[in-house]
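Worksheet for the structure shown next.
We name chains A, B, ... by the order of the sequence lines, and we start the count at 1 in each one.
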2 protein chains.
Amino acid sequence: MIEIEKSSLMTKVTITDVANEVGISKTTVSRYLNGQYNRININTQHAIQEAIDALGYVPNQQARSLKLKESHLIGLVIADMANTYSSHLISGIQNVFRQQGYSLMIFDSANIVEQEKHALNQLLAANVDGLILQPLVKNSDQYQFLSERNVPVVLVDRQTEPQIWPSVTSDNFNASKNMAKILLDKQYKQVIFLDSHGENPWTNQLRYDGIASITSRSDMDLTYVQVEMADFTPLAAVLDAHHGPAPVIFAANGELLLKCLSWLKSQQIAVPTDVAVTGYDDSTLGDLITPGITGVVQNPQVLGETTANSILNHIKQKSKIVDQIEIPSQIIERASC
Amino acid sequence: MIEIEKSSLMTKVTITDVANEVGISKTTVSRYLNGQYNRININTQHAIQEAIDALGYVPNQQARSLKLKESHLIGLVIADMANTYSSHLISGIQNVFRQQGYSLMIFDSANIVEQEKHALNQLLAANVDGLILQPLVKNSDQYQFLSERNVPVVLVDRQTEPQIWPSVTSDNFNASKNMAKILLDKQYKQVIFLDSHGENPWTNQLRYDGIASITSRSDMDLTYVQVEMADFTPLAAVLDAHHGPAPVIFAANGELLLKCLSWLKSQQIAVPTDVAVTGYDDSTLGDLITPGITGVVQNPQVLGETTANSILNHIKQKSKIVDQIEIPSQIIERASC
DNA sequence: CTGAAAGCGCTTACAG
DNA sequence: CTGAAAGCGCTTACAG
């Protein structure tokens, strides 16, 4: 019977402690930890496992990755954590990482460019094996220092220009285009594209372009309206000036869609009879709101899973392929338009 | 003019590279990195900074924390990532960590106990300075191995029994009690507590108890109903058997509240005239749904910030105080009851 | 103001 | 089947 170390409460137990407990070298313990069982006497193996259990030993990954030069850590910089989209995206990423033995380090850039920069630097310092970024800036130059660092990067949700990194995004252009086709079918004559200041402008541009690709070769009008915060005055102006059959508002994002509906209600404008409404819907509540929302629904969970697989591929295969993956969105038809 | 290292693209640059570039020892570079400027010649300082910029050097935190025995890493195990609550909680945590120079490692236990165990072990292996846990199991024994590891732990959202760890939770009992008082004022005679299987049962117990603390000394009846998934048959049964004035349903969580509203609509049961509805509301859409939802609204962002400060305190002060912090919720009154 | 050397907790090529 | 030793990228007590 070997005497039990009392020190386990005082300080973290290391591989040396385990080796001493068993009375062998740490080389052998390390081999055991790394599953090289065929190189170790079966009795030694048992003794090692006993010591590990008795001491409550957990290998120090930091030391391990210092030696191995891989951390099994992936960094994520998300543009706005306080967002339903973010939580589903992360959930999807985690699903994949868990199975593959990778851990996630998260930073929230909170839509502030310097916080994003800080986050990326923290992540580099943390020695991540790869980086997932929902970029705040459209120009790739902003992230040039990442390529110098030679760390695999996958962009998610948004692509930068020029396209020098792989990305996983929603099919913004196509989904919007498909929605516009439906609006055309429904005989709407005017589409009001409702945008808000500060929302990732170049994604919204894609959505606008998707709609424009249909309206431009039909008899539908397309009007661009931008509102700030909860001030819908610009929209009111457009609506006031409007004549003819009910126009349809296409809200560029879910929050805006909801706020718009709320504002219309407050103005006692009936949906969809006076004004129809559609757009991007993040709420997952489209059914509960009256009237039910017709809109484009993204799939952030699948986006997350795909992104996770993509970064893992780039890490493991060391592939330099700059693949642009688009995840299709769904169009749900309900009563709002 | 010193010749420029070409290797920066091939391999990560280390403190030794910087030292060599300048032609000094890494001791001095390290001192510079750690801000001990008064110990270094000003010209040397400039030379070091130049080399750092030229080489794109980022210090390796893993090596640093191996030596220093502190990682500035905090682990978070969240019960269900795909949840609005989670994203706001994390957002709050990040707000604090960013300012304090800590990084967040996140795992999603996805309501699966063995995934939670796995996550905790990964986090220990990652050498986190502290652990934030939204526990899946009520019994503290489940997490006993953490105290042996001597790592600071703060529980969030839920407390375990016996209370051996500090925690930051919502005021579940009190908020529910206050809501019950309002229901009493509004002259409701029957409260139906609507619960769903699998939702953190001991938090819901607190909510139930809060309501019971009022109903038990009034003439209000309190009925407990549990539904599974989207099957509201048990609720239908209770409603069918009901006589007298409209009862009020108290939904134990936001998802349930929304589903319940949806189901009532499908059954053409009018809210609040036939049946009134209230409960915990996570949706932040209480205003948009018709009728507006009267309910208890939590503040996960503040919960997150408080939790982050708490774990940081425990790490820095090495305090062993098992403080139980309760964050007050708000009650919003609208039309649903 | 500066540096050589030891050591943090691991892994592995080399040797036996 | 096992171990001594070197080294991953840092920091710091000690010495000058």
Report yes if at least one side-chain N or O of A:Lys69 is closer than 4.0 Å to OP1 or OP2 of D:dG9; otherwise report no.
yes
Which residue lies more 5' along DNA chain D, comparing B:Arg39 with B:Lys67 via nearest heavy atoms
B:Lys67
For B:Asn43 against B:Asn41, the heavy-atom pair lying closest together
N-OD1, 2.6 Å
Between A:Asn41 and A:Lys26, which has a closest nucleotide on DNA chain D that is more 5'?
A:Asn41
Is the phosphate of C:dT11 approached by A:Arg64 (side-chain N or O, under 4.0 Å from OP1 or OP2)?
yes
What contact category does B:Tyr57 fall into here, base, sugar-phosphate, or nothing, at under 4.0 angstrom with non-hydrogen atoms?
sugar-phosphate
Any A:Ser25 side-chain nitrogen or oxygen under 4.0 Å from OP1 or OP2 of D:dG3:
yes
Name the nucleic acid region contacted by B:Ser65, choosing base, sugar-phosphate or nothing; use a 4.0 angstrom heavy-atom cut-off, strictly under.
nothing
With side chains defined as the heavy atoms from C-beta onward, is the minimum distance between B:Leu66 and A:Leu66 less than 4.5 Å?
yes
Nearest-Å distance for atom pair CD1/P, residues B:Ile15 and D:dT12
11 Å
Of the candidate nucleotides C:dG9, D:dT11, D:dG3, which contains the atom at the shortest distance from the side chain of A:Arg31?
D:dG3
In whole angstrom, give the distance that lies between atom NZ of B:Lys12 and atom P of D:dC10.
11 Å
Do A:Val58 and B:Phe145 have side chains that get closer than 4.5 Å, going by heavy atoms?
no
Using the P atom as the reference point in each nucleotide, state the distance between D:dC1 and D:dA5 in Å, no decimals.
24 Å
Applying a 4.0 Å non-hydrogen cut-off, can you work out what B:Asn127 is touching in the nucleic acid: base, sugar-phosphate, or nothing?
nothing
Can B:Ser140 and B:Thr160 be counted as having a side-chain donor-acceptor contact under 3.5 angstrom?
yes
Result block: side-chain N/O donor-acceptor pairs under 3.5 angstrom for residues 122-135 of chain B, not counting sequence neighbours:
from     : atom 1 : to       : atom 2 : distance (Å)
B:Gln122 : NE2    : B:His118 : NE2    : 3.4
B:Asn127 : OD1    : A:Lys12  : NZ     : 3.0
B:Asp129 : OD1    : B:Ser71  : N      : 2.9
B:Asp129 : OD1    : B:Ser71  : OG     : 3.2
B:Asp129 : OD2    : B:Ser71  : N      : 3.2
B:Asp129 : OD2    : B:His72  : N      : 2.7
B:Gln134 : OE1    : B:Ala79  : N      : 2.8
B:Gln134 : NE2    : B:Asp157 : OD2    : 2.8

Rounded distance in Å - CD (A:Gln62) to P (D:dC8):
18 Å
Do B:Gln144 and B:Ile164 make a side-chain contact, defined as non-hydrogen atoms from C-beta onward lying under 4.5 Å apart?
yes
Inter-nucleotide C1' distance (D:dG16, D:dT12), Å rounded:
16 Å
Any idea which of D:dC10, D:dT2, D:dT12 is nearest the B:Thr14 side chain?
D:dC10
Report which part of the nucleic acid A:Ser30 touches: base, sugar-phosphate, or nothing (heavy-atom distance under 4.0 Å, all strands).
base
Whole-Å gap separating P (C:dA4) and CD1 (B:Ile24)
11 Å
Round to the nearest Å and state the distance from A:Ile40 atom CD1 to D:dG3 atom P.
10 Å
B:Leu68 CG to C:dG7 P, straight-line distance once rounded to whole Å:
17 Å
With a cut-off of less than 4.0 Å, is there a side-chain N or O of B:Asn34 near OP1 or OP2 of D:dT11?
yes
So what does B:Thr27 touch, heavy atoms closer than 4.0 Å: a base, only the sugar-phosphate, or nothing?
base
If you take all heavy atoms of B:Ile106 and A:Gln94, which pair is closest and at what distance?
O-NE2, 3.0 Å
When you measure from the side-chain N and O atoms of B:Thr44 to the phosphate of C:dT2, is any distance below 4.0 Å, counting only OP1 and OP2?
yes
Dot-bracket encoding per residue of DNA chain C, Watson-Crick/G-U cut-off under 3.5 Å, | denoting interstrand
|||.||||||||.|||
Given D:dC10, C:dT12, C:dG9, which nucleotide is nearest the side-chain atoms of A:Asn60?
C:dG9
Is B:Glu114 atom CD crowded by more than 12 heavy atoms from other residues, nucleotides or ligands, each under 6.0 Å away?
no
In whole angstroms, how far is the C1' atom of C:dG9 from the CD atom of B:Glu70?
17 Å
Roughly, in whole Å, what's the span from CD1 in A:Ile48 to C1' in D:dG3?
13 Å
Is B:Met105 close to B:Phe107 at the side-chain level, that is, under 4.5 Å between some pair of heavy atoms?
yes
